[in-house]
Amino acid sequence: DDLQEIGKIKQLYSGGNGLKESWSGSSGNITEIHEAHRDILTRYLNLSTSTPTGWSDLESSKDWKVRFWELKPKSIKKVLEQLQHEGGFIFKYKPDGTAKYIHIKDSYSSSDVADTTFTKHDVVDIKIDVDAQSSLVTRAVTNYRRNAADNSYTATSESVNAKTRSVYNFDDKENIKTNRLDYYINPEIPTIPSANPNDDFYTYYNAINGDTKLIISGSIINPKFYNIDVGDVIAFEDMMPERMFNKDFTNLIFMLTDLTRKPGVLTFKAREIGEL
């Protein structure tokens, strides 16, 4: 009978609207990955409803759509980290305890580094390095749009950075990565990098690890910069040497990735993320 048939059903899928965001009291539904991330932090982990640093820029850059569900208990830490990965951003707390969202923007201007441009008088013990070729991802197979019925993926795209593969003469089986995205559903993943990093998942990560980037480390000795934080964008000018790996300091934008505070000095590491 009907009850027996119903008893055989293990799960039902509803395509209705999801939750409404929990930080502003508005009636808007959560539709984007970074919105789902912030909602979980606010709804379950008591994140302040105050607007986090970097949120407005993230909202402007990203329109990556989300479809979220979990049928079994899962570590909230793992969920948040996966949303960050699939959404192309990082969340952290600043030294003052307030929240901060970090991501790489499509473009930068001098105004982005007006207060965070270093000279040879501000930093010492500078070391310049470059990414290892083995760390590059020049071909990516991305599985996305997870199926609620069986957890398979209904969309797959193979994307290639042909320019980098040619420059470094990579073998067909070298520098390849497979991505499985459980929450990301749009935009479509292209077969070649799109115009702007935030256009889609593949293009964003191609901008990070699709070609070699410069890594600069050293110590900051000017107290003017002691309030900087991981995720801040910085630039260099009037440096010695004037160029590094045939790139001009004054054209490059870096992001702080590591920062250690000691009495009278900050040691740092920063990675190239764009140009002026």
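Side chains included, hydrogens not; waters and symmetry mates left out as well; all remaining heavy atoms used.
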Spell out, as yes or no, whether a donor-acceptor pair under 3.5 Å connects the side chain of [X] to the backbone of [Y].
X	Y	result
T203	S194	yes
T138	R165	no
N143	R180	no
D248	N251	no
R271	I208	yes
T42	R38	yes
R146	W69	yes
S157	I189	yes
D112	S109	yes
D171	K173	yes

If you look at every heavy atom in [X] and [Y], which pair is closest and at what distance?
X	Y	value
V160	Y202	C-OH, 3.4 Å
V123	F268	CG1-CE2, 4.1 Å
A235	L252	CB-O, 3.8 Å
V113	V233	CG1-O, 3.9 Å
V230	K100	O-NZ, 2.9 Å
E174	N169	OE1-O, 4.4 Å

Whether the [X] and [Y] side chains hold a donor-acceptor pair (N or O, under 3.5 Å, no angle test) is what I'd like checked.
X	Y	result
N147	T154	no
E70	Y183	yes
N186	Y144	no
S152	D150	yes
D122	N222	yes

Looking at [X], I'd like to know if its [atom1] atom is crowded, meaning that more than 12 non-hydrogen atoms belonging to other residues, nucleotides or ligands lie closer than 6.0 Å.
X	atom1	value
I76	CD1	yes
K269	NZ	no
K20	NZ	yes

Taking the six-membered ring of Y101 as reference, does the NZ or CZ atom of K62 fall below 6.0 Å from its centre and within a 45° cone about the axis?
no

Got [X] and [Y] here, is their nearest side-chain heavy-atom distance under 4.5 Å?
X	Y	result
P190	D200	yes
P187	D63	yes
Y168	T212	yes
L181	T142	yes
F68	D182	no
I102	M255	yes
I128	I126	yes

CD-CG distance between E32 and L83, expressed to the nearest 0.5 angstrom
13.0 Å

Angle class for the F118/F225 ring planes (parallel below 30°, perpendicular above 60°, tilted otherwise)?
tilted

Should the ring pair F91 and H37 be called parallel, tilted or perpendicular, given that the plane angle runs from 0 to 90° and is split at 30 and 60?
tilted

Is the distance between the ring centroids of W64 and H34 less than 6.0 Å?
no

Hey, do the aromatic rings of F201 and H85 have their centres closer than 6.0 Å?
yes

